[in-house]
Structures are given as structure tokens and as C-alpha cells.
Amino acid sequence: MNRLKLKYASVKYVSVAGIAAFAVLAGPAAGAGAVTPHTAQAREAAATAAPRPTLTAKSTVASVRAWHDFHIYGVGRHMRAGTRVTLQQKQGKRWVSLPASVYTARSGAYNMRVKLGWMGRNSLRIVGGGAMSPVIYVTVRR
């Protein structure tokens, strides 16, 4: 009697597993209105993902005397207001962050006061919020 009960229980288990396997293999054709990740809505949502953040940068001068003030300004797009942006200078082959940073305004705009002492042509850029501005050049003279 015990054997018969076990055998019946195992057959019942297999049949439920078989039905579940069939439902998975059949996919949305078996169940009307089933949603898969490959529907048009999912593809449309992936296509309209948030755009990448961008930064612009401009200098108020092309040439400046050593340790005199000038400004670097620009706009951050597709990033939160109040994002911290930092000035970087190319030193040799490396980009080095300088101790000059500001936060973007509600509109995304920023304006940074800068003093440089490294003589010659300086390559500068702004980074922050996952974005990087194009390189700007400022020449520092005596």
C-alpha cells in the first residue's frame, strides 16, 4: 500500500512539472496577453533612455599674466542641478584635478574663477557628473 501511494505521488509531481515546463516553452502564445521583455514597449523604453550628460567650457581670455584672475564658464546638460564640476589641467601625459570646483546652478550653468601660474600653453577641461568638456587652451605669460 505504501508503494502505491509513493508511486501515485511521484506521478502527480511529474505531471505538474510537465505542465509548468510546457507553459514556459510555449511562451506568450499559450497565454493570451502575456508580456515578454522583447515587446515593442520594452524596445521603445530602451530607445528613449536618458541622454548622456555633457559639459561645455569657455574661457574669458586666451592669454593671461601669471597668477591673474580669469573665468571659465559653461553649461552642464542632462545632469542634476548642484552637480560639482572640477577644473583639470594636463600635466605631461596626465590630467590632474586642480583645487578649483563649483556647483552647477539650477539651469546647469557654472562660472569658475581661476588663477594659473604654470607658464606657457595650458590645456584645461572641466569634469563632473559623468561628463567631460572639450579641451580649452589658455596661455600664461610673465
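The structure displayed is predicted, hence computed values, not measured ones.
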According to side-chain hydrogen bond (donor to acceptor under 3.5 Å, both in side chains), who are the partners of [X], at least two apart in sequence or on a separate chain?
X: R141; value: S63
X: H78; value: none
X: S97; value: Q88
X: T139; value: none

Supply the atom-to-atom distance [X] [atom1] to [Y] [atom2], rounded to the nearest 0.5 angstrom.
X: W118; Y: Q89; atom1: CH2; atom2: CD; result: 5.5 Å
X: M112; Y: Y73; atom1: CE; atom2: OH; result: 14.0 Å
X: Q91; Y: S123; atom1: CD; atom2: OG; result: 11.0 Å

Common cluster, [X]/[Y], ILVMFWY with side-chain heavy-atom separation under 4.5 Å:
X: V75; Y: V85; value: no
X: W95; Y: I126; value: no
X: V135; Y: V140; value: no
X: L98; Y: L55; value: yes
X: L87; Y: Y137; value: no

Problem - Those residues that, when tested against R113, pass salt bridge (Lys or Arg N to Asp or Glu O under 4.0 Å) (two or more places apart) - result: D69

Handout entry: Pairs satisfying side-chain hydrogen bond (donor to acceptor under 3.5 Å, both in side chains), at least one member in residues 100-111, at least two apart
Key = H71-N111, R84-S101

Practice task
Over all heavy atoms of both residues, which pair between A66 and M119 is shortest? Give the atoms and the distance, please.
Solution key: CB-CE, 3.9 Å

Exercise for the section: Indicate the atoms forming the closest heavy-atom contact of G129 with P53, along with that distance. Expected result: O-CG, 3.3 Å

Handout entry: Minimum side-chain heavy-atom gap V64-V138 below 4.5 Å
Key = yes

Problem - Backbone N/O of R142 and side chain of R65: donor-acceptor pair under 3.5 Å - result: yes

Exercise for the section: Apply side chain to side chain contact (heavy atoms under 4.5 Å, CB included) to L124 and L116, showing your working. Expected result: CA-CA 11 Å; L124 304 169; L116 292 175; 3.8 Å; yes

